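Just so it is clear, the model here is predicted, and its values are computed rather than measured. Residue numbers begin at 1 in each chain, while the letters A, B, ... track the order of the sequences.
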Protein chains: 2
Amino acid sequence: MKETKPSGGEHDDHGANGSSVKPSLITDVASLANVSTATVSRVINTPDVVAPETAERVRHAMSKLKYRPNMFAKGLITRTSRVLGIIMPDFLGEFYTQLSQSADTAARERGYHVVITSDTRLGSADAVQSLPLSFLDGIIAILTFPDRKLTKSVLDLNMPTVLIDSDTGDLGVDRIRIDNEPGAKQAATHLLEHADASDCFYVGGPATNFDSQARAQAFQDVISERGGFDKATQIRYGDFSVDWGNEWGLKHLKDRTNCITGVFAGNDEIALGIMNAARTLGIDVPSQLRLIGFDGTRLCDIVRPTMSSVAVPFDHIGSSAVELCIARIADPERSVSTIPAETHLVIRDSSVPSDQAS
Amino acid sequence: MKETKPSGGEHDDHGANGSSVKPSLITDVASLANVSTATVSRVINTPDVVAPETAERVRHAMSKLKYRPNMFAKGLITRTSRVLGIIMPDFLGEFYTQLSQSADTAARERGYHVVITSDTRLGSADAVQSLPLSFLDGIIAILTFPDRKLTKSVLDLNMPTVLIDSDTGDLGVDRIRIDNEPGAKQAATHLLEHADASDCFYVGGPATNFDSQARAQAFQDVISERGGFDKATQIRYGDFSVDWGNEWGLKHLKDRTNCITGVFAGNDEIALGIMNAARTLGIDVPSQLRLIGFDGTRLCDIVRPTMSSVAVPFDHIGSSAVELCIARIADPERSVSTIPAETHLVIRDSSVPSDQAS
DNA sequence: TTGAAAGCGCTAACAA
DNA sequence: TTGTTAGCGCTTTCAA
């Protein structure tokens, strides 16, 4: 309490809009506490190496000046930010939402922050220049489409990266591999319990989507075993939307009132659309139509009848991705690994014969 | 093509895991292109000021070396990142999802990036130290609870900030003010068209939540005008969840089979819960129960019957927040403004008398 | 236990 | 149109 008055004020800010008062620097804190900047830096980064009373004096100065280290300067030296970026196609959909939440929790436990951003810009030509992604210590990218350019953009970032759910072959990158097969096979098998093989359908997302295809394949493997399978009609692709499900349902369900139809949808939203179409057509779920979705999002428990769906282990995926990413950051030389994320069928009301059929 | 070989390689990376090869620097590019670092910097930031052929040469060197400016160093000087942060309570829920999407779009158009992060850590003691938020050029915070500590934490960041939907008085900060009143009054009025005032209920979120309260107040204003209003039973608080709606419905709807009940829910999820409870109890929506939600999320069109709801203009809110934030960044001295976001009722099937009442 | 000083990679005057 | 040079705010040897 004897040096020059530093720049940061101690009285309340007038405006409270940021950036009106300029932030105090480490030098301000140093002079207020009568120490060198090195010491201030030490109480922040390696507290145990500085004398308790000195540390206390410094801490007092820091809070008095509302000192906040400049992360640009800090990062320039340490080359880390302790923030992980999650790149996803868009912010919409339960899928991404639940994944973000679990990744955030996992990151937090390990002293990292997570920020979410959409990848739309990644595909553009000047992506490399425009992306302020170099702030990040690592990247977790959810690449659902086999978009080579996008994948390459991400890989070109040349930083610790974890890919989720992409169809990319072995690019020598850590990956969380969502295994569609077990859940999809369980779903198909479940459908077959009450419906003929020829009455079962797969209504998927985009034909180019890897998951969409994998689920279709598993479905086909199970169904075709029973014979009477016609790929052209029993497997259809559209997009991952309620509208597509509704459209398919309206068109293909109306003349199926005197048999039990089994439908396995590419995701929950499509399934919901089909459920709505059935209602419109007066077809009862589950007595006339057995329906199973995919992803196991919150939607399944919200709608009535509740919807059977193949659950994707979001928590496991989110936390594994974070762990893998942090492990890679810690040791860039460690061998590449792929962590499988198994799916499994969760049966709810939309696929089991109701006791009181109407 | 005559200088020292720079560090970055031109052959493919072996591993493809980031950080194995060290990134090339501006000096590498400069020497490869036979220019000074200043010139390289110019082709990146002010291209028109450098000779076309020189620029071309530099650009070639950049792509050959996969040069990527170090944002830490750049930010240290320019003090900007062109990244805006959106802070929200959590990643869950349609509300935040749709808001993020519109903010992202708006930011993109203006050359900014948006990252989403949850605010859980903001409230903690060491928040100031642990938050790597100083990277951001601005912050958009969604503060739904009157949490003074959280609000203060955000404001203490002392950077361009826009608050959305908080109940904070005038803190001299830019704000997007969601106006619950018009929509809520329309909802209450709509309910009154077919239900007695004493048969109308508001089932809100947390009692401490500002929006929850504002909606309740508007509801009360309209309903109590008709007389026979008992606040204690007709206004109930819980949380913004499907479960709470279901719980309320199961408890309070069962002995209301011989009158038309009108329910205005605090958000769409609560409304959905109530809708499910009604179904469980065999109460028909909308003939016996007129139901209106709040937020106007995608859920409203997904469920059957489709749900009437007070729409919140997400697009407007997201883009306005981004605009306001960018304006503040551009001119820290500009006067503080509050942009209202009006809500309005969107009538769907859950609140209108069905033609064929059962 | 602390301080002095040398940068981290980049941009921005100021010259040329 | 281009180059030289001085930092941005912080961390980190190296000495003391």
Side-chain angles (χ1 to χ4, degrees), chain A residues 3 6-8 19 22-59 61-62 65-82 129 132 134-135 137 158-159, chain B residues 3 6-8 19 22-59 61-62 65-82 129 132 134-135 137 158-159:
Chain A
E3 294 287 300
S7 63
S19 70
K22 67 168 175 305
S24 40
L25 310 177
I26 197 172
T27 52
D28 297 327
V29 177
S31 59
L32 212 208
N34 263 111
V35 294
S36 70
T37 60
T39 298
V40 177
S41 176
R42 287 188 193 103
V43 350
I44 295 173
N45 302 301
T46 50
D48 3 70
V49 89
V50 20
E53 68 245 30
T54 310
E56 195 38 58
R57 199 149 32 95
V58 171
R59 262 188 279 269
M62 292 200 298
L65 298 176
K66 298 191 184 202
Y67 173 66
R68 181 184 304 284
N70 179 317
M71 299 308 281
F72 291 116
K74 182 168 190 161
L76 183 53
I77 296 179
T78 63
R79 318 192 143 279
T80 64
S81 59
R82 293 195 84 80
Q129 296 300 334
S134 46
F135 286 121
D137 282 359
N158 198 244
M159 47 168 72
Chain B
E3 293 288 300
S7 64
S19 70
K22 69 167 175 303
S24 39
L25 310 177
I26 197 172
T27 51
D28 298 326
V29 177
S31 59
L32 211 207
N34 263 112
V35 294
S36 70
T37 61
T39 297
V40 176
S41 176
R42 285 187 194 104
V43 350
I44 294 172
N45 302 301
T46 51
D48 4 70
V49 90
V50 17
E53 68 243 31
T54 310
E56 195 37 58
R57 198 150 32 97
V58 171
R59 262 188 279 269
M62 292 199 301
L65 298 175
K66 298 191 184 205
Y67 172 65
R68 181 183 304 284
N70 180 316
M71 299 309 282
F72 292 117
K74 182 169 189 161
L76 183 53
I77 295 181
T78 63
R79 321 195 138 277
T80 64
S81 60
R82 294 194 84 81
Q129 297 299 337
S134 46
F135 286 121
D137 283 359
N158 198 245
M159 47 168 76

(Q) Please confirm whether the shortest side-chain N or O distance from B:S41 to OP1 or OP2 of C:dC10 is below 4.0 Å. (A)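 Answer no for this pair, as no side-chain N or O of B:S41 is under 4.0 Å from OP1 or OP2.
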Q: Considering just the side-chain nitrogens and oxygens of A:Y67, establish if one lies under 4.0 Å of OP1 or OP2 belonging to D:dG9.
A: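 For D:dG9, neither OP1 nor OP2 has a side-chain N or O of A:Y67 closer than 4.0 Å.
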Quick one: label B:A38 by what it contacts on the DNA or RNA (base, sugar-phosphate, nothing), any heavy atom closer than 4.0 Å.
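Base, at least one base heavy atom under 4.0 Å.
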For B:V35, answer base if it contacts any base atom (sugar-phosphate contacts may also be present), sugar-phosphate if it contacts only those atoms, and nothing otherwise; contact means non-hydrogen atoms under 4.0 Å.
->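 Result for B:V35 = sugar-phosphate.
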- prompt: Out of A:L32, A:L25, A:I26, which one pairs with A:L65 under the side-chain contact (heavy atoms from CB on, under 4.5 Å) rule?
  reply: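 Only match with A:L65 under side-chain contact (heavy atoms from CB on, under 4.5 Å): A:L32.
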| task | With DNA chain D as reference, determine whether B:T39 or A:V40 sits nearer its 5' end, using the nearest nucleotide of each. | result |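 Here B:T39 is the residue nearer the 5' end.
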Task: Nearest heavy atoms of A:M159 and A:S134, plus distance in Å - done: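 What the structure gives for the nearest pair is CE-CA, 3.7 Å.
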- request: Please report the shortest heavy-atom distance between B:D137 and B:T80, naming the atom on each side.
  value: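 Heavy atoms of B:D137 and B:T80 come nearest at OD1-CA, 3.2 Å.
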*Does any donor-acceptor pair link the side chain of B:R79 with the base of D:dG9 at a separation under 3.5 Å?*
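Checked by distance alone, the answer is no.
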Inset, instruction - Classify the side chain of B:R42 and the base of D:dG3 as holding, or not holding, a donor-acceptor pair under 3.5 Å. - result: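 Such a pair is found, so the answer is yes.
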Whole angstroms only, please: what is the [atom1]-[atom2] distance between [X] and [N]?
X	N	atom1	atom2	result
B:R68	C:dG9	CZ	C1'	15 Å
A:D28	D:dC10	CG	P	9 Å
B:L76	D:dT11	CG	C1'	12 Å
A:F135	C:dC10	CZ	P	13 Å
A:N70	C:dG9	CG	P	17 Å
B:E56	D:dT1	CD	P	16 Å
A:F72	C:dC8	CZ	C1'	15 Å
B:M62	C:dG9	CE	C1'	16 Å

Candidates [options] - which lies nearest the side chain of [X]:
X	options	answer
B:T37	C:dT11, C:dT2, C:dG9	C:dT11
B:S36	D:dT4, C:dT2, D:dC10	D:dT4
B:L25	C:dT1, D:dT12, C:dC10	C:dC10
B:I77	D:dG7, D:dT1, C:dG7	D:dG7
A:I26	C:dT2, D:dT12, D:dC10	D:dC10

Sequence neighbours left out, cut at 3.5 Å: what donor-acceptor pairs do the side chains of residues 44-51 of chain A make with other protein atoms?
from: A:N45; atom 1: OD1; to: A:K74; atom 2: NZ; distance (Å): 3.3
from: A:N45; atom 1: ND2; to: A:S41; atom 2: O; distance (Å): 3.0
from: A:N45; atom 1: ND2; to: A:S41; atom 2: OG; distance (Å): 3.3

**Report entry** Plane angle bin for A:F135 and B:F135 - parallel if under 30°, tilted between 30 and 60°, otherwise perpendicular
**Finding:**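 If you compare the ring of B:F135 with that of A:F135, the planes turn out tilted.
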